Amino acid sequence: SELAIGEWMKARGLSNGESRKKVVIATKITGGRNVTPKNIKADCAGSLKRLGTDYIDVYQLHWPARYSDSTKATAKMGRC
């Protein structure tokens, strides 16, 4: 979906510059073991490239991990 949104913005001249302020872009990283500083930076850079823009307004985290049992994940988080 990032590629489609990037193409949509480019076609309308909304990718960069003053016109970029006319849209709000939100995207996400999958939670779980994937959440490390290195992976967050790499995933964010990939999102910027696919979106064809130089910044993201809202960067979200899927938590718990998309494919995990939320009960187990919540229990683990409670033991921290």
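As the structure is a prediction and not an experimental result, all values here were calculated from the model.
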Notebook entry, point to check: Mind checking whether Met9 and Val23 have side chains closer than 4.5 Å, heavy atoms only?
Noted result: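 Result yes, sub-4.5 Å side-chain heavy-atom pair found.
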Checklist line | Non-hydrogen side-chain atoms of Ile56 and Ser47 separated by less than 4.5 Å | finding: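 Yes, side chains in contact.
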Note to self: Distance check, rounded to the nearest 0.5 Å: Lys10 atom NZ versus Leu3 atom CG?
What the structure shows: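 Here the interatomic distance stands at 11.5 Å.
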Next item on the list: With rounding to the nearest 0.5 Å, note down the distance linking CZ in Arg50 to OG in Ser1.
Entry: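 Here the interatomic distance stands at 9.0 Å.
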Checklist line | Derivation and outcome, side chain to side chain contact (heavy atoms under 4.5 Å, CB included), residues Leu48 and Thr53 | finding: CA-CA 6 Å; Leu48 289 169; Thr53 191; 4.2 Å; yes
Can you name the closest pair of heavy atoms from [X] and [Y] and give their distance?
| X | Y | result |
| --- | --- | --- |
| Ser15 | Gly6 | OG-O, 4.3 Å |
| Ile25 | Leu51 | CG2-CD1, 3.7 Å |
| Ile40 | Tyr59 | O-OH, 3.8 Å |
| Ala26 | Gln60 | CB-NE2, 3.6 Å |

Note to self: side chain to side chain contact (heavy atoms under 4.5 Å, CB included) for Thr27 and Glu2? Distances and angles first, verdict last.
What the structure shows: CA-CA 8 Å; Thr27 192; Glu2 290 177 339; 2.4 Å; yes
Item checked: Qualifying salt bridge (charged side-chain N to carboxylate O under 4.0 Å, His left out) pairs, either residue in residues 38-47, two or more places apart ->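 Matches after skipping sequence neighbours: none remain.
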Check: In terms of hydrophobic clusters joined by side-chain contacts under 4.5 Å, are Trp8 and Tyr55 together?
Finding: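 Trp8 and Tyr55: separate clusters.
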Check: With sequence neighbours excluded, what pairs up with Arg20 under the salt bridge (Lys or Arg N to Asp or Glu O under 4.0 Å) test?
Finding: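 Testing Arg20 for salt bridge (Lys or Arg N to Asp or Glu O under 4.0 Å), a comparison that skips the adjacent residues, returns Asp57.
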Margin query: My understanding is that only residues two or more places apart in sequence, or in another chain, count here; which of them pass salt bridge (Lys or Arg N to Asp or Glu O under 4.0 Å) with Lys21?
Written below: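 Lys21: salt bridge (Lys or Arg N to Asp or Glu O under 4.0 Å) contacts with Glu18.
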